[in-house]
Engineer: 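Take a look at the following structure, please.
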Amino acid sequence: MTAPSEARPGFRVFAGRFRTDRAAVFGAVVAGLLVLLAVFAPVLTAIEGQDIASFHSDLVDSARGGVPLGPLGGISGQHWLGVEPQTGRDLFARIAQGAQISLLVAVCATVVQVFLGVTVGLAAGLGSKLVDTVLTRLADIALAFPVIIFSLALLTIVPDAFPRPLLLALVIGVLGWGGTARISRAQTLSLRTRDFVAAARLSGAGGFRIARREILPGLAAPVITYAALLLPTNVITEAALSFVGVGVRPPTSSWGQMLSTATTWFRSDVMYVLIPAVMVFLTVLSFTLVGEGVRVALDPRTTRLTRKAG
Amino acid sequence: MTWRGSSLLVAGLLLAGTLTACGGGAQSASTAFDANNCQGGTLDVLNQDDAASHLDPARLYTSGGGNIPSLLFRTLTTRTRKAGADGAKVAPDLATDTGEPNADATVWTYHLRDGLKFEDGTAITAQDVKYGIERGFAAELPGGAPYLHDWLVGAQNYPGPYKDPNGIAAIETPDAKTIVFHLNSPHGDFPYLATATQFAPVPKAQDKGADYEKHPISSGPYKIESYDKGKSMVLVRNTNWSRAVDPNRLACPDRIEATYGLDPAVINQRLTTGTGKDGDAVTTDTDLGPSELAQLDNNPDLAKRVAKGGFPYTYYIAFDNTKAPFNDIRVRQALSYAIDRTSVVNAAGGSSLAYPATTFLPDNKNMGYQAFDFFPAGKNGDPAKAKQLLAEAGFSNGITITLAHRSADFNQDGPKVATAVQDAFQKAGITVKLQSIDSDSYTTTVSNPATQPQASVEGWGADWPSGGPFIIPIFDGRQYLAGGGNFNTAHFNDPKVNADIDAINKITDPDQAAQRWGQVDSEIMKQAPLVPLFHTTQLRLYGKNVKNAFVSDWTGVYDLSQVSVK
């Protein structure tokens, strides 16, 4: 009989546990809506009857520096979230595009981080002592790096011609794999001494096959858990980089960029600050709740607790 | 965990900003301003940038001697320190009058006042003024305006006093109080040019070359106590200066403390609230932001502390008129019709900080402004008319152009204005590709015909309030400089305009010249060589204890030599 700590819950068990976590479900719903907003941004903007680029100089008060006319930043049936100060461009369209950028960059960066982290972790865990030492030190360096500062430097020197969202994803991804690598290595080290790995090795399986067939499935739970928490981190990093002006370039909109422009507007047009701020907040909160839910649902110790309680 | 820290910081800052949003402040300045009883106190200057990239009179490029530089450097003439149009006239400073020209304005003679002294007590002589001008020619000290190179007889290649101590022969100093300039062509505007800091005296014995800027010798009402470049500067009274020898500057505060490197929003916030020392503060480089503009209507206390002025400045879209498609006047006219000046003005900060331009000269009497609009685009542009003109020119499917702009918005030639232009042109079938050029290299790139972009957003300000320095560098066909430093980006060359410029340069009466410049402006703009976008207005706040902060038409901002904090 296997100990509870070694139980690998199937998807149904996982889903069942996840569903009982109300915070996680709330997070999943909000995150789902955000993903829908991002995916269907052009469609929703078309339904609204607006576009990202058109100026509406009749909707802002020129004498007062271009503050949107009307209450709450010019929110109306035509402009669901009001208009941007100074230009009168539709805010909903720009927020929706911001969701695309934000999620796209965060997801791609997470994929890069997980891929690099797992590869390095596996290699370190299965490789010789020398390989392990070198790779672990590398991971330590990667962990110790001030990501924002290094990204600033990288993003400033790369020419503008390089597609910006892709660059952001790469930079955030390449600089942030340290944690995943450590977790993967630890898990690999504990798995490689197990009987089933030894059995596979005795039956003649090569290193690559062992890594792929025997170790990798065992890494899934901790890595997925960690990745679910990396995603909101990456949302924040993208917003912070765009905030300081090295993120996506105008006319592409992003939430961080809007927040940065909004610093001169927060007293005259509060909605212009609140809307992107709330979007960043909701994104980070919902994905963090989902991540936490995933962690709890995948954690074997939780299983034991729930069983005892039940 | 850097990311977590920085995001918390951002959130915290936003929250703090919102909480302190309800700043106001009581009025405390009670007594009326009296020039005879205004001395005392410390004036604080809150600025984004160091007022001078180089605090050397040879290297400053200022209009009318500048604001802070004019407190240290007296010049042969200076701007009149009066409000409105009177302030756009030239006043004698070191000299006894604004200059005696000969019959055709090619020889100008100045006499120095009695009792002029440097901060160390030595007398200021005509030789010191001559030496100061000669330093401006030195390659070691670049940055000043180019006029003297072109105007003085035989000075084109003068290498400066370090390489050629014999000096410029075209500047004579027959005695310690007389200085005579010989020009190679008539220049009625010479008294205006003599307001530049290159006309400030420099004692040869104390010249340290490029290091002179660390402690330039003052001839004005203040001298430097300490100066940390780019960060701060403290000025104290120059005891060898007095109002008896300087009728222009009041010099009310005993001490002036300038802080540089502040955020514009912070400057306006501090001036608005006016807590403690900030009540005695002013700024020389920051206009109102949207937060303050939004408060002006319902905050009378704030509204009365705003100085409004117009430093003559024009922003426009420039393109080479000799290259296709701009060599067809119908295409140029189409661009003029297509522009939406309302959205462009909004991008520049709204109608309080800019007004639409249909002329090249700004609305300023001394510039010779005459109102006209040859290609009436209305408030929001006339895309139909533009399309029709493009079709006539053979572009019925529209055209695509590349528009360059500065990468940052701190001037009004950045991405905001360029995007507004892009949007307006789109409606007229003109597709605009934006090209962002780094702020540091922007001017060099657009002013060199070899690297000049197809079209660019540009701005031009007055070196002095007269039509000449506004029109000549931009439209005189002989000022097209193929090797760089070229401001005639339109490559405009009309023999009639060139002849008019020569004729007006001979006129020594500013009012008469102004009228002629207005006519030349209209003659030029009929040919649509560029698309004028907007002229700027300055709205500057000052602290609640600051008095006598009036604005002249020359600088468009209040004058530090006139304000009082007592």
Side-chain angles (χ1 to χ4, degrees), chain A residues 51 53-67 85-89 143 145-151 160 172 175-176 232-241 243-245 249-251 256 259-270 272-274 276-277 280-281 284, chain B residues 1-11 13-15 17-18 20-23 263-265 268-269 272 288-297 340-354 379-380 407-409 415-416 418-420 422-424 426-427 434-436 539:
Chain A
D51 63 272
S54 279
F55 280 52
H56 302 280
S57 52
D58 50 327
L59 296 180
V60 297
D61 185 345
S62 190
R64 293 170 66 200
V67 177
Q86 239 175 348
T87 62
R89 290 185 291 195
L143 266 177
F145 249 66
V147 173
I148 293 269
I149 293 172
F150 200 71
S151 314
D160 272 357
I172 300 173
L175 292 176
T233 314
N234 291 339
V235 171
I236 291 273
T237 310
E238 187 275 331
L241 289 173
F243 184 87
V244 295
R249 293 273 189 258
L259 281 173
S260 151
T261 331
T263 49
T264 51
W265 294 95
F266 62 82
R267 285 192 287 166
S268 43
D269 182 9
V270 178
Y272 189 47
V273 188
L274 281 185
V280 174
F281 173 73
V284 174
Chain B
M1 290 293 168
T2 328
W3 56 269
R4 212 166 259 160
S6 61
S7 62
L8 279 177
L9 186 69
V10 168
L13 284 175
L14 289 175
L15 188 65
T18 323
T20 53
C22 311
D263 184 81
N268 280 319
Q269 173 69 36
T272 305
L288 291 195
S291 301
E292 293 74 30
L293 288 174
Q295 287 181 59
L296 285 186
D297 289 343
D340 177 342
R341 293 198 173 88
T342 309
S343 66
V344 171
V345 163
N346 283 343
S351 59
S352 301
L353 294 175
K379 278 180 72 177
N380 295 103
S407 59
D409 274 312
K416 280 185 185 170
T419 323
Q422 182 184 39
D423 176 68
Q426 190 67 42
K427 294 184 186 121
L434 295 180
Q435 181 191 356
S436 176
L539 284 180

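The sequence lines fix the lettering, A, B, ..., with proteins before strands; numbering per chain opens at 1.
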Engineer: Looking at chain B, which one of Pro85(A), Ser62(A), Ser260(A) has the largest number of heavy-atom pairs inside 4.5 Å, strictly under?
Structural biologist: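 The candidate making the most pairs under 4.5 Å is Ser62(A).
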
Engineer: I need the residue from Thr264(A), Asp269(A), Val67(A) with the largest number of non-hydrogen atom pairs under 4.5 Å to chain B.
Structural biologist: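 Heavy-atom pairs under 4.5 Å are most numerous for Thr264(A).
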
Engineer: Give, as side chain, backbone, both or neither, the part of Ala347(B) having an atom under 4.5 angstrom from any heavy atom of chain A.
Structural biologist: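 Interface part for Ala347(B): backbone (N, CA, C, O).
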
Engineer: For Ala63(A), is it the side chain, the backbone, both, or neither that has a heavy atom closer than 4.5 Å to a heavy atom of chain B?
Structural biologist: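 When you check distances to chain B, atoms from both the backbone and side chain of Ala63(A) fall under 4.5 Å.
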
Engineer: What is the minimum heavy-atom distance between Ser352(B) and Arg64(A), and which atoms define it?
Structural biologist: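 The pair with the smallest heavy-atom distance is OG-N, 4.4 Å.
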
Engineer: Shorter than 4.5 Å, heavy atoms on both sides: which option in Ala420(B), Ala424(B), Ala265(B), Ser436(B) has the most such pairs with chain A?
Structural biologist: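 Most heavy-atom pairs under 4.5 Å with chain A: Ala420(B).
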
Engineer: Let me know if Asn380(B) has heavy atoms under 4.5 Å from chain A in its side chain, its backbone, both or neither.
Structural biologist: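 Looking at Asn380(B), just its side chain touches chain A.
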
Engineer: Please state whether the side chain, the backbone, both or neither of Gln422(B) comes within less than 4.5 Å of a heavy atom of chain A.
Structural biologist: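 Contact with chain A: none, neither part.
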
Engineer: Would you indicate whether the side-chain heavy atoms of Thr419(B) and Thr87(A) approach each other to under 4.5 Å?
Structural biologist: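 Counting from C-beta outward, Thr87(A) and Thr419(B) never come under 4.5 Å.
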
Engineer: Distance check, rounded to the nearest 0.5 Å: Arg267(A) atom CZ versus Gln295(B) atom CD?
Structural biologist: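 Spacing of CZ (Arg267(A)) from CD (Gln295(B)) equals 5.5 Å.
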
Engineer: Show the nearest heavy-atom pair for residues Phe55(A) and Ser343(B), with the distance to one decimal.
Structural biologist: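 Reported closest heavy-atom pair: CD2-CB, 3.9 Å.
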
Engineer: Nearest heavy-atom pair of Ser54(A) and Asp423(B): which atoms, and what distance?
Structural biologist: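 Minimum heavy-atom contact is CA-OD1, 3.5 Å.
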
Engineer: Between Asp340(B) and chain A, which part of the residue has a heavy atom less than 4.5 Å away: side chain, backbone, both or neither?
Structural biologist: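 Just the side chain, heavy atoms under 4.5 Å.
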
Engineer: Measuring only between side-chain heavy atoms, which start at C-beta, is Leu293(B) closer than 4.5 Å to Ser268(A)?
Structural biologist: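 When only atoms from C-beta onward are counted, Ser268(A) and Leu293(B) do not touch, as no gap falls below 4.5 Å.
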
